[in-house]
2 protein chains.
Amino acid sequence: MADGTGTGVGDGGHDGMRKRAGRAELSPEKVLAKAIEVIDSDGLEAFSMRQLAKGLGVTPMALYWHYPKRHDLVRAVVAEVLSDVVPAHAPHWEDWLRDYMHRFRAAIARHPNVAPLIGGQLISNVSGNLDMIEALLTRLEEAGVPEHRMVQAYNSVMGGMVGFVTQEFALVPAQSDAGWDSRMKEVLGGIDAERHPHLHAMRSRMENRSFILRWENGATKPMDDSFDTFTEVMIAGIRALTV
Amino acid sequence: MADGTGTGVGDGGHDGMRKRAGRAELSPEKVLAKAIEVIDSDGLEAFSMRQLAKGLGVTPMALYWHYPKRHDLVRAVVAEVLSDVVPAHAPHWEDWLRDYMHRFRAAIARHPNVAPLIGGQLISNVSGNLDMIEALLTRLEEAGVPEHRMVQAYNSVMGGMVGFVTQEFALVPAQSDAGWDSRMKEVLGGIDAERHPHLHAMRSRMENRSFILRWENGATKPMDDSFDTFTEVMIAGIRALTV
DNA sequence: ACCTGAACACCGTTCAAGT
DNA sequence: ACCTGAACACCGTTCAAGT
């Protein structure tokens, strides 16, 4: 599925099962699995070629045989995480789209620390996602989106969905930036009822539960009902496009 | 406005205008300005404390007096870029929201390379944005969003807006990852008309113009009409919330 | 084919010191 | 108050070598 680079495929077979000295029995799959394990348990900043190698009991350079560039491994990680997105099956496009968006979010929620890798950069390994894209286009056509607005509708759903979720699970400042959460709480506590009446009134319901005004991300403070609402907003908005 | 850390404010004044040897006449503002300049012209990967110091003709450590941590400077950069977002003035909430979203995007478009800094991590320096948040809450109330859905509506707009734009201007792979764009073109060229009929039909209109299927970002291929559509989708969706 | 080892050109940051 | 200089613990990656 995620085959790394294509370089190391096929053993040749002539040396059979024998282990040789100086061989760590590495494989693209083992490296990938360890990478995800490290990211999940120790965070994104622990995901370096050197720390990964140490975790695998191997020289940093050993990894480069399976993944020539760090970015290749990043791509594989993203592809693996997104391969968890099982396609939805609902008959009506609205139910389908709701399901689609929730399944995407669920896949990220399983590996929240990879979110910055998905949101922050253009990922080239697209081959596995073609089915996902085709399905979305099909349902948008069913919904009645006219052909000349299809690309815009696709981008709206995809950009909104991926954007919201990667925001929700955005990187929290490292422990080195200590005290930034208390500074945030201070700002929130000091909101002036005259200058910001609505914000003042909503403060307790918004703090640490809404974008910009939080100090934890979706891994510890998931925005479940906000994402539900976002889904409804998108569905109603797409429906309005079909006039 | 963006005062860095608050540590270096006030000269004391007793040494007047005299320059001393070993002093580079640095200031938080000068460092910030140079940082944005470097990011804009040389890209985000050129934004390191050491390269920045070299550009300012100074020791790397000189910067740390004005910004104790790199993250403090990152925060200042983000605050500065977002301070460009002038508030909208339209009387009707729909026009206002459309304007709001476009002004946010325009601010990012002026400094596209900072987008990953905004999308990828929780930013604590929120003080300057309180007006923006208050304004949005006010307009959402005007729109008729009921109080018990206000937080969700706020998160939908904010998450969608920031998410879409940071996705649009996401980091393009470094030149070291050469050939990834041609691999992408190859994938697109090889789309099977049987397996992916809609995608096949839309290919020429989607390639390099839609999420996942592009090799340039919004800095060179802006998604103007997709963002317009996204704005309409959000407005219609919010309207549907007000039942 | 697959891995080790040494080396290069980078990072952010601490600590002691200068003026 | 503001900056230099040396040093530490990291990075990704290249290159030559081993088996």
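Throughout, a chain's letter reflects where its sequence line sits, starting with A, and its residues are numbered from 1. The structure presented is a predicted model; accordingly, all values stated were derived computationally and were not measured. We use all heavy atoms of the structure for the numbers below, so side chains are in, but hydrogens, waters and symmetry mates are not.
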SB check B/Lys34 B/Glu37 (cutoff 4.0 Å) = yes
query = Would you say B/Lys30's side chain and B/Glu25's backbone share a donor-acceptor pair under 3.5 angstrom?
reply = yes
Length of the CG-C1' vector between B/Leu26 and D/dA1, whole Å = 13 Å
message = Between A/Asn155 and B/Phe227 (side chain of the first, backbone of the second, donor and acceptor by atom type, cut-off under 3.5 Å), is there such a pair?
response = no
inquiry  = From the set D/dT13, C/dG12, D/dA1, return the single nucleotide nearest to any side-chain atom of A/Lys69.
reply    = D/dT13
request  = Using atom NE2 of A/His66 as one end and atom P of D/dT13 as the other, report the distance to the nearest whole Å.
outcome  = 16 Å
query = Which dot-bracket notation, 5' to 3', represents the base pairing of DNA chain D when pairs are defined as Watson-Crick or G-U with both distances under 3.5 Å, crossing pairs as [ ], and inter-strand pairs as |?
reply = ||.|||||...|||||.||
ask   = Above 12 or not: heavy atoms from other molecules or residues under 6.0 Å from NZ of A/Lys185?
value = yes
ask   = Any salt bridge between B/Arg195 and A/Asp131, counting N to O under 4.0 Å?
value = yes
request  = Assess A/Arg105 against A/Phe169: is NZ or CZ under 6.0 Å from the centre of the six-membered ring, and within 45 degrees of the ring's axis?
outcome  = no
key: Side-chain ion pair, A/Arg75 and A/Asp72, N-O less than 4.0 Å   = yes
task = Answer yes or no: are there more than 12 heavy-atom neighbours, outside B/His200 itself, under 6.0 Å from its atom NE2?
result = no
request  = Rounded off to whole Å, could you give me the CG-to-C1' distance for the B/Leu63 and C/dT14 pair?
outcome  = 15 Å
query = Between B/Phe164 and B/Phe230, how do the two ring planes meet: parallel, tilted or perpendicular, split at 30° and 60°?
reply = parallel
message = Expressed as a whole number of angstroms, how long is the span from A/Tyr64:OH to D/dA16:P?
response = 18 Å
key: Gap between atoms CG and P, on A/Leu73 and D/dG12 respectively (whole Å)   = 10 Å
query = For the pair made of CG in A/Asp72 and P in D/dG12, what is the distance, rounded to whole Å?
reply = 14 Å
message = Output one letter per nucleotide in nucleotides 5-11 of chain C: B when a protein non-hydrogen atom lies under 4.0 Å from the base, S when only the sugar-phosphate is that close, - when neither is.
response = BBB---B
task = Measure the distance from CH2 on B/Trp65 to C1' on C/dT19 and round it to the nearest whole Å.
result = 15 Å
